[in-house]
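These notes are about the structure you will find just below.
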There are 2 protein chains.
Amino acid sequence: MSVKEKKRGRPSQSQSRLTAELIILSARKLMLENRKVPSIRQIAGVLGVDAMAIYHYFSNKSALLEAVTISLIETIYEPKAGGKWQDELKLLCKSYLELLGTHPGLLEILLSMQSFGPAQLFNQRLMSVLAPLQLPQAAFEQARNLLVDYIHGVALAMQCNPDVISSDCINGPLCLIFSALEDRR
Amino acid sequence: MSVKEKKRGRPSQSQSRLTAELIILSARKLMLENRKVPSIRQIAGVLGVDAMAIYHYFSNKSALLEAVTISLIETIYEPKAGGKWQDELKLLCKSYLELLGTHPGLLEILLSMQSFGPAQLFNQRLMSVLAPLQLPQAAFEQARNLLVDYIHGVALAMQCNPDVISSDCINGPLCLIFSALEDRR
DNA sequence: AACTATTTTTCTACAATGTAGAATAATAGT
DNA sequence: ACTATTATTCTACATTGTAGAAAAATAGTT
């Protein structure tokens, strides 16, 4: 049962090279499968390397998780220009919610990040969806804050109670927001 | 510098007795001061006992934190019967939000609890506030879900970015909800 | 070709955490 | 006086993030 200890030091180039992208992908996969933020050792495990190898590509765990977050947030729904704003908004929100709900821990990382990049992405897509409504700036911001924080709240509830809450639970409250939005138009 | 190692075994009754309530209070204090969920060893430290002594009163850390949560949640604002519903609602929400915002980790514990007791408490107070509106059941539930999850979202943002977000940030979105509520009356 | 510097990796080690299990001492019950 | 129960400390273990050093392959320089 020799577990084949790896040789120390830089491997010869024949071996499949470790990259930041590979690490991010493994972390994403583990996060989704295990429904929690993976440990560095777990990530290293599936990559077949020592845990400390990860630290050559990321200065610490937090940096790795931020990269994972950026990678994940780019997968949310990209609104189409043609559709009804209500439909597009619902699709966008559900996609965001499902991403957060299926990746427990992601939300906390996202909210703790200094870089506003990832948070901005949802904001931009929301703006493009709500553009046809031509809301005044203040009304848009109110609605955005309400929407974003509401979704975050639901996502947190989903990850604390997996299998109990479905992403459909936002339908009702979303309608409430819709009607409030139409009033302010 | 004798650090005065404690004698092993049950202490004689003269010593100030450890109780579940004392443990809960110490945990609350640490949670508030350090802005995070304390470790068992920290709690035991301020109580001057060994970490394992805690386990005589709580079967595990989770049970202790649930007790802390129940204790904390009872401190939220109790609505007065006389006031305007908008004012009372705002006070209730802010009180809840500030509790969650100043006790990072509390929200996750609350949402993970099987016992619905603590979550119900806010629900009840909300019902008493909104009673004068005589909303249909479905509309009340929509509004409650929106409100609760929105507050949770804001609370999470507050604990991830301490000192950046104030509890006043809910004013705008709250007004949005108010107007939606009045429409459904 | 020979040296040196750099890059990429593993190894060892440490502190912090939750908590199981055993030892121990005070008290309560008989 | 003996036994059982209760309240406590002690020791130990697995898991975590990660610092620091050693090692091996590669790249750069003369």
Side-chain angles (χ1 to χ4, degrees), chain A residues 2-24 26-27 30-31 33-69 104-105 108-109 112-113, chain B residues 2-24 26-27 30-31 33-69 104-105 108-109 112-113:
Chain A
S2 73
V3 194
K4 200 177 226 175
E5 299 284 332
K6 274 256 205 81
K7 227 186 354 182
R8 228 171 148 163
R10 180 173 179 165
S12 49
Q13 58 200 147
S14 54
Q15 270 99 325
S16 63
R17 273 275 268 101
L18 193 57
T19 63
E21 205 55 40
L22 265 177
I23 296 172
I24 292 172
S26 301
L30 284 170
M31 201 168 179
E33 285 170 359
N34 299 12
R35 303 192 57 78
K36 64 178 169 196
V37 173
S39 75
I40 296 281
R41 281 174 173 86
Q42 276 175 66
I43 300 168
V46 308
L47 287 167
V49 298
D50 183 90
M52 294 309 290
I54 308 277
Y55 286 87
H56 184 69
Y57 298 89
F58 299 96
S59 61
N60 51 40
K61 186 173 188 182
S62 183
L64 164 55
L65 293 181
E66 295 194 2
V68 167
T69 300
E108 286 88 335
I109 304 162
S112 304
M113 285 175 73
Chain B
S2 72
V3 195
K4 202 177 225 176
E5 300 285 331
K6 275 257 206 78
K7 228 186 352 184
R8 229 171 149 160
R10 180 172 178 165
S12 47
Q13 59 200 147
S14 54
Q15 269 100 325
S16 63
R17 275 276 268 100
L18 194 57
T19 62
E21 204 54 40
L22 264 177
I23 296 171
I24 292 172
S26 300
L30 283 171
M31 200 169 182
E33 284 170 359
N34 298 9
R35 302 193 58 78
K36 64 178 172 197
V37 174
S39 74
I40 296 282
R41 282 174 172 87
Q42 275 175 68
I43 300 169
V46 308
L47 287 166
V49 299
D50 184 89
M52 293 310 288
I54 309 276
Y55 286 86
H56 184 69
Y57 298 89
F58 299 96
S59 60
N60 50 40
K61 187 173 187 181
S62 183
L64 164 55
L65 292 181
E66 294 194 3
V68 168
T69 300
E108 286 88 335
I109 305 163
S112 304
M113 284 175 73

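Here is how names work: the chains are called A, B, and so on, in the same order as the sequence lines, proteins then strands, and each is numbered from 1.
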May I have the distance from [X] (atom [atom1]) to [N] (atom [atom2]), rounded to whole angstrom?
X     : N      : atom1 : atom2 : value
B:N34 : C:dA16 : CG    : P     : 15 Å
B:R8  : C:dG21 : CZ    : P     : 16 Å
B:K61 : D:dT15 : NZ    : C1'   : 14 Å
A:I43 : D:dT16 : CD1   : C1'   : 12 Å
A:K6  : D:dA23 : NZ    : C1'   : 14 Å
B:N60 : C:dT17 : CG    : P     : 17 Å

Handout entry: Neighbours of DNA chain C within residues 49-56 of chain A, by heavy-atom distance under 4.0 Å
Key =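 Those residues whose heavy atoms fall under 4.0 Å from DNA chain C, taken from residues 49-56 of chain A in numerical order, are A:V49, A:D50, A:M52, A:A53, A:H56.
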Side-chain N or O of [X] versus OP1/OP2 of [N]: is the shortest distance under 4.0 Å?
X     : N      : answer
A:Y57 : C:dT9  : yes
A:R41 : D:dT16 : no
B:K7  : C:dA26 : yes
A:S39 : D:dT15 : no
B:Q42 : C:dT17 : yes
A:S12 : D:dA25 : no

Side-chain contact, heavy-atom cut-off 4.5 Å: [X] with [Y]?
X      : Y      : value
A:I24  : A:Y57  : no
A:Q42  : A:N34  : yes
A:E108 : A:V37  : no
A:V68  : A:I109 : no

Handout entry: Between CZ on residue A:R8 and CG on residue A:D50, distance to nearest 0.5 Å
Key =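 Reported to 0.5 Å precision, the distance equals 10.0 Å.
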Problem - Quiz item: A:R10 side-chain donor-acceptor pair to C:dT7 base, under 3.5 Å - result: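 Yes.
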Exercise for the section: Report yes or no: does B:K6 contribute a side-chain atom to a donor-acceptor pair with the main-chain N or O of B:P11 at less than 3.5 Å? Expected result: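 No.
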Practice task
Applying side-chain contact (heavy atoms from CB on, under 4.5 Å), name anything that partners A:S59, two or more places apart in sequence or on another chain.
Solution key: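 Once residues adjacent in sequence are excluded, the partners of A:S59 under the side-chain contact (heavy atoms from CB on, under 4.5 Å) criterion are A:A63.
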Practice task
Pick base, sugar-phosphate or nothing for B:F58, based on heavy-atom distances below 4.0 Å to the nucleic acid.
Solution key: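 The answer is nothing, as B:F58 stays clear of every strand by at least 4.0 Å.
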